[in-house]
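To start, the structure itself, in structure tokens.
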Amino acid sequence: MFKFGGAVPILAIVIPCYNEEEVLQETTARISLVMENLITDQLVSPESKILYVDDGSADRTWKIIEEQSQENWYVKGLKLAGNVGHQNALLAGLKVASEHSDCVISIDADLQDDITVIKEFILKFHEGNDIVYGVREDRTTDSFFKKNTAQLYYRLMAAMGVNLVYNHADYRLLSHRVLTQLSQFQESNLFLRGIIPLIGFKSTKVYYKRHERFAGESKYPLKKMLSFAMEGITSFSVTPIRILTVIGIFFLLLSMGTSVYSLVQKIQGQTVSGWTSLMLSIWFIGGIQLMGLGLIGEYISKIYMEVKKRPKYHIDIDQYSFAKENADKSNHSPIGSQSER
Ligand code: UDP
Ligand code: MG
């Protein structure tokens, strides 16, 4: 059965917070209600927790978390020493939560993502899914700019061969064993939205409507959004380098055409002196340089992939070791062993 929770799984809801004093009371109240219902329905264990990760907030965020953890059995806090950004704060929370729970749901503190579907997440987990992606039905609550840039981004990532779940951000459920696999990724720029689909395992999607922030302001200004988008591309894809190589080869081929053209012009006497040699060298050397840069880039991208030391596979079921483990256990104990999820 479940690793920690016995008959019912222990759930941890991980919530990164950066200067979220305006929303925390309401967030805890709303999520506690969902949690109580799940426990009453015996879908999750009464040991389940809400884990707030304070990402180096400068306001009263940590104080509120401390107060709440004293008043509310579900609430636990994790305080980071400084602001490390949403993705890193989330990772810290996932790591700590995975040590105490069978499944973890990550959600933003402003509850823009619809928490009524948490029950559906858990039901899907009970059906044997290791990953449940929360996917937005539409982007009607987004600004015109955000909607279009997001769409462009998904297209761009797809073109670069990065497998992302369309309209899914960081609202998702992960089982304990997915989190164990996740911990094998040692790269420091961990782009979760790209990594999770890479891990594999049985997964499904749950659709929901995203609301407006109920209080406070977005902690993701345009600058952070752009750097996050860039991070996503450069930590996953070497396609930009390959494009450079291709452009280089294209220019080199083009230089052959321009060479013929320049020579014909010279023979026909339609040039001033020096033009032909200038034309020949600009196109040819330009092409060679671009191609050379691309070629160096190809080697660098190999180094970059090696340095990441990504795990090469993730085992779903291993009947060989499982059978052996069971045989060992039944040899040593008369009761035998219980299977683990
Ligand atoms: N957040 C964080 N560290 C940061 C920025 C944001 O932990 O440096 C948290 C924030 O408190 C929230 C989540 O990340 O829980 C998403 O941020 P926000 O709602 O402001 O982003 P938006 O929904 O506007 O994209
Ligand atoms: Mg938000």
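All ligand and atom numbering here is 1-based and tracks the order in the structure.
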Ring-face cation contact, F214 with R30, 6.0 Å cut, 45° max: yes
Other residues, nucleotides, ligands: >12 heavy atoms within 6.0 Å of W73 CH2: no
Enclosure of Q42 CD (heavy-atom neighbours >12, cutoff 6.0 Å): no
E212 contact mode with ligand 1 (heavy-atom cut-off under 4.0 Å): neither
Side chain, backbone, both or neither: N83 near ligand 1, heavy atoms under 4.0 Å: side chain
Run the numbers for me: atoms of ligand 1, each under 4.0 Å from some heavy atom of [X], listed by number.
X    : result
K224 : 4 (C), 5 (C), 8 (O)
R210 : 23 (O)
C17  : 7 (O), 11 (O)

What protein heavy atom is closest to [atom], reported as residue, atom name and distance in Å?
atom                    : value
atom 4 (C) of ligand 1  : D55 OD2, 3.4 Å
atom 18 (P) of ligand 1 : R213 NH2, 3.5 Å
atom 6 (C) of ligand 1  : K219 CB, 3.6 Å
atom 10 (C) of ligand 1 : E20 OE2, 3.2 Å
atom 21 (O) of ligand 1 : Y220 CD1, 3.3 Å
atom 19 (O) of ligand 1 : D110 OD2, 2.6 Å
atom 15 (O) of ligand 1 : P16 O, 2.7 Å
atom 24 (O) of ligand 1 : S218 OG, 2.5 Å

R213 versus Q112, side-chain donor and acceptor atoms under 3.5 Å: no
E217 and N19: side chain donor to acceptor below 3.5 Å: no
Parallel, tilted or perpendicular: rings of F228 and F191 (30°, 60°): tilted
Residue pair F4 / H100, side-chain heavy-atom distance below 4.5 Å: no
Under a 4.0 Å N-O cut-off, is there an ion pair linking [X] with [Y]?
X    : Y    : answer
D138 : R136 : no
D130 : R177 : yes
R193 : E231 : no

Determine all donor-acceptor pairs shorter than 3.5 Å in which one atom belongs to a side chain in residues 278-292; sequence neighbours excluded.
unit_1: S281; atom_1: OG; unit_2: S277; atom_2: O; d: 2.6
unit_1: S281; atom_1: OG; unit_2: L278; atom_2: O; d: 3.2

Let me check something: any side-chain donor-acceptor pairs from residues 293-307 under 3.5 Å, sequence neighbours excluded? List them with distances.
unit_1: E298; atom_1: OE1; unit_2: R242; atom_2: NH2; d: 2.8
unit_1: E298; atom_1: OE2; unit_2: R242; atom_2: NE; d: 3.0
unit_1: S301; atom_1: OG; unit_2: G297; atom_2: O; d: 3.2
unit_1: S301; atom_1: OG; unit_2: E298; atom_2: O; d: 2.7
unit_1: Y304; atom_1: OH; unit_2: T234; atom_2: O; d: 2.2
unit_1: Y304; atom_1: OH; unit_2: S235; atom_2: O; d: 3.3
unit_1: Y304; atom_1: OH; unit_2: F236; atom_2: N; d: 3.4

Shared hydrophobic cluster for Y133 and L182 (ILVMFWY, side-chain gaps under 4.5 Å): yes
Min N/O separation A89 to ligand 1 under 3.5 Å: no
Heteroatom proximity flag, Q112 to ligand 1, N/O under 3.5 Å: yes
Summary of ring-ring contact (aromatic ring centres under 6.0 Å, His included) pairs that have at least one residue in residues 18-54, sequence neighbours excluded: none
Q87 heavy atom under 4.0 Å from ligand 1: no
Every N, O or S from the protein that is nearer than 2.8 Å to the Mg ion (ligand 2): D110 OD2, Q112 OE1
